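First comes the structure, then the notes that go with it.
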2 protein chains.
Amino acid sequence: MSIEQKSAGTVALYQRIRTDLETRILSGEWPPGYRVPFEHELMQSYSCSRMTVNKVLSALAAAGLVVRRRRAGSFVSRPRAQSAVLQIPDLKAEVEKRGERYGYQLLKLTKRIATANDRARLAVGARESVLALRCRHDADGEPFAIEDRLINPQAVPVALQQDFSVIPPNTWLVGQVPWTEAEHRIIACNAAGADAAELKLDEGTACLVIERKTWRNGEPITAVRLTHPGHLYNLIARFTPTG
Amino acid sequence: MSIEQKSAGTVALYQRIRTDLETRILSGEWPPGYRVPFEHELMQSYSCSRMTVNKVLSALAAAGLVVRRRRAGSFVSRPRAQSAVLQIPDLKAEVEKRGERYGYQLLKLTKRIATANDRARLAVGARESVLALRCRHDADGEPFAIEDRLINPQAVPVALQQDFSVIPPNTWLVGQVPWTEAEHRIIACNAAGADAAELKLDEGTACLVIERKTWRNGEPITAVRLTHPGHLYNLIARFTPTG
DNA sequence: AAGTGGTCTAGACCACGTT
DNA sequence: ACGTGGTCTAGACCACTTT
C-alpha cells in the first residue's frame with residue numbers, strides 16, 4: 001500500500017485538520033453545542049487513521065474548543081474566559097457588555113504593495129500586498145478607540161472580499177481566522193495629530209496604545225494598533241506564579 | 001501477546017509518565033538545560049511504545065516545560081516562559097539586563113494605621129497597620145519609575161525589620177515572599193504633581209501606570225503602583241489561544 | 001446492547017540538525 | 001551520515017454512557 005504521510009505539503013495533516021475544524025468553530029459555522037463529526041466520520045472525510053483525528057480532537061478539547069463525551073460525541077463548547085490582557089478582545093462585545101451603545105466607522109481602507117513601514121509592522125514579502133484599514137470605535141457616541149490595522153491577504157484571502165464598512169475588522173477576524181500566536185505591546189503615549197482629533201481629545205492627553213500582532217503557525221495574519229483614551233480604558237490581568 | 005494497556009490502575013500510562021517527568025523537572029532534579037532521556041530510552045524505562053512517550057514529550061513541549069530539538073534531544077527549558085505582563089518584574093534586574101546602571105532611592109517610609117484610602121488599595125482590617133513606601137528607580141541616572149507601595153505587616157512581619165533604604169522593596173519581596181495570586185491593572189495617565197516632579201517629566205507627559213496587588217491564599221500581601229515615563233517603558237505579552 | 005471516546009502498540013517514512 | 005524527533009497507520013482492547 002502507499003503510505004502518503006506528510007509527503008505532500010510541508011504542513012502536517014493533523015494541523016490541516018485542526019485548522020479546518022477550528023475555522024468552522026470560530027466562524028460560527030459550528031455553533032456552541034454543535035456535535036462535531038465522530039472520529040470515524042472524520043477518518044473517512046480526511047482519509048486518515050483514527051489516531052490522527054483523535055489527536056486533533058484531543059487537542060481541541062485541551063484547548064477548550066470542544067467537549068468530548070463518551071458514547072455521545074464531541075461538542076463545540078462555550079468560549080472560555082481568559083485574562084483580559086491575554087485576550088484578543090472584540091471591542092463591540094466589550095462595549096455592549098458594559099451596557100453602552102457601540103458605534104463603528106471605517107475611516108480609510110487601502111490595498112497597497114507593502115511599504116517599508118508596513119513590512120516593519122507585518123513581516124510580509126517584499127512585493128506583496130497588504131490591506132490597510134483605519135477605523136474608529138465609539139461607546140455611547142464617544143470615541144473609544146482608533147484602530148490602525150494591516151491585514152496580510154496572503155494569510156486571509158477572504159479579507160479582500162469583505163465589506164469592512166459595517167463589520168469592524170477585529171470582530172470579523174476574531175470569528176474568522178484561527179490564530180496560534182499573538183503578541184501585545186502596551187504603551188502609554190500622548191495623543192497627537194489625527195489620533196487626537198479623531199478621538200476628540202486635547203493634544204497631549206494620555207492614551208493607552210495596544211499593538212498586537214497575530215500569527216498562524218508563524219505566518220503573520222494581522223498587525224493592529226489600538227489607541228484608547230487613557231481615561232476610558234484599562235487593562236486587567238489576574239495571574240498566578242505558575243501561569 | 002498480552003496487550004496490558006490501562007487495565008491496571010485507572011490512570012493512563014502516559015499520564016503517569018507525564019506526572020513523573022513533570023515532578024523531576026519542577027523539583028529541580030532535572031534543572032534547566034538538562035537533557036531529558038531520549039524517546040527510545042523512555043520506551044525502555046517504561047516498557048511502552050514510542051507513541052506513548054512521544055505523546056508525553058509533545059505535551060510537555062506544548063506546556064513549555066521542555067524544548068525539543070531534532071537530533072539533539074529534549075531539554076528542560078528555561079524559566080517558565082511567562083509573558084512579561086504576567087510577571088512580577090524585578091526592576092533592578094530589568095534595568096541591568098538592558099545594560100544600564102540601576103539606581104534606587106527611598107523617598108519615604110511610614111508605618112501607620114490603615115486609612116480608608118489604604119484599605120481601598122490593600123484590603124486589611126480596620127485598625128491594622130500598614131507599611132507605606134515611596135521610592136524612585138533610575139536607569140543610567142534617569143528616573144525610570146516611581147513606586148508607591150503598601151505592605152501588609154500581618155502577612156509579612158519581617159518587612160518591619162527590613163531596611164529598605166538600600167534594597168528596593170520589590171526586589172526584596174520578589175525573593176522573600178511566596179505569593180499565590182496577583183492582579184495587574186494597566187493604565188495610561190498624564191504625569192502630574194509629585195510624580196511629574198520626581199520623574200523629572202513635564203506636566204502632562206504620558207505615563208504607563210501598573211497597579212499590582214498580590215495575595216497569598218487570599219491574604220493581601222502588598223499593593224503597588226508603579227508609574228513609568230511612557231517613553232521609557234512598554235509591556236510585552238506573548239500568548240496563544242489556549243493560554 | 002451498542003457505539004463512542006480513551007488508550008495503546010509495533011511498526012513505518014520523512015525532515016532536519018548535529019556531527 | 002546518522003540519529004533524533006515529527007508524523008502517520010491499521011489495527012486492538014477497554015471503560016463508559018446513552019439508548
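The structure presented is a predicted model; accordingly, all values stated were derived computationally and were not measured. First the proteins, then the strands, lettered A, B, ... as listed; each starts at 1. Just the heavy atoms: all of them, side chains too, but no hydrogens, waters or symmetry mates, feed the values below.
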The criterion is ring pair (Phe, Tyr, Trp, His ring centres under 6.0 Å); which residues satisfy it with A/F38, sequence neighbours excluded?
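Expected list: A/H40.
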Could you tell me which residues satisfy ring pair (Phe, Tyr, Trp, His ring centres under 6.0 Å) with B/F75, sequence neighbours excluded, listed by chain and number?
none
I'd like to check the salt bridge (Lys or Arg N to Asp or Glu O under 4.0 Å) partners of [X]; sequence neighbours left out, ordered by chain and number.
{"X": "B/D90", "result": "none"}
{"X": "A/R216", "result": "A/E22"}
{"X": "B/R24", "result": "B/D20, B/E29"}
{"X": "A/E96", "result": "A/K92"}

[atom1] of [X] versus [atom2] of [N]: gap in Å, rounded?
{"X": "B/I17", "N": "C/dT9", "atom1": "CD1", "atom2": "C1'", "answer": "13 Å"}
{"X": "A/L13", "N": "C/dA12", "atom1": "CG", "atom2": "P", "answer": "21 Å"}
{"X": "A/L57", "N": "C/dT7", "atom1": "CG", "atom2": "C1'", "answer": "15 Å"}
{"X": "B/E39", "N": "C/dG11", "atom1": "CD", "atom2": "P", "answer": "17 Å"}
{"X": "A/Q15", "N": "D/dC8", "atom1": "CD", "atom2": "P", "answer": "9 Å"}
{"X": "B/E41", "N": "D/dT4", "atom1": "CD", "atom2": "C1'", "answer": "11 Å"}

With a 4.0 Å cutoff (strictly under), does any side-chain N or O of [X] reach OP1 or OP2 of [N]?
{"X": "B/R68", "N": "D/dG6", "result": "yes"}
{"X": "A/H40", "N": "C/dT4", "result": "yes"}
{"X": "A/Y14", "N": "D/dC8", "result": "no"}

Identify, residue by residue, the members of residues 47-55 of chain B with a heavy atom below 4.0 Å from DNA chain C, and return them in order of residue number, or none.
B/S47, B/C48, B/S49, B/R50, B/M51, B/T52
Distance-only check: which donor-acceptor pairs under 3.5 Å involve side-chain atoms of residues 207-215 of chain B, not counting sequence neighbours?
unit_1	atom_1	unit_2	atom_2	d
B/E211	OE2	B/R225	NH1	2.7
B/R212	NH1	B/H184	NE2	3.1

Measure all distances between protein nitrogen or oxygen atoms and nitrogen or oxygen atoms of nucleotides 17-19 of chain D, and list the pairs falling under 3.5 Å.
unit_1	atom_1	unit_2	atom_2	d
D/dT18	O2	A/R71	NH1	2.9

Side chain to side chain contact (heavy atoms under 4.5 Å, CB included) partners of B/K97, counting only residues at least two apart:
B/E94
Name all residues meeting the side chain to side chain contact (heavy atoms under 4.5 Å, CB included) criterion together with B/S58; count only those two or more places apart in sequence or in a different chain, and write none if there are none.
B/N54, B/R68
Students should find that the end-to-end axis angle of the helix from C/dA1-D/dT18 to C/dT18-D/dA1, with five pairs defining each axis and rounding to 10 degrees, is 10°
Does CZ belonging to B/R98 count more than 12 external heavy atoms closer than 6.0 Å?
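Check passes, neighbour count above 12.
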Does a side chain donor of either A/T115 or A/N117 reach within less than 3.5 Å of an acceptor in the other side chain?
no
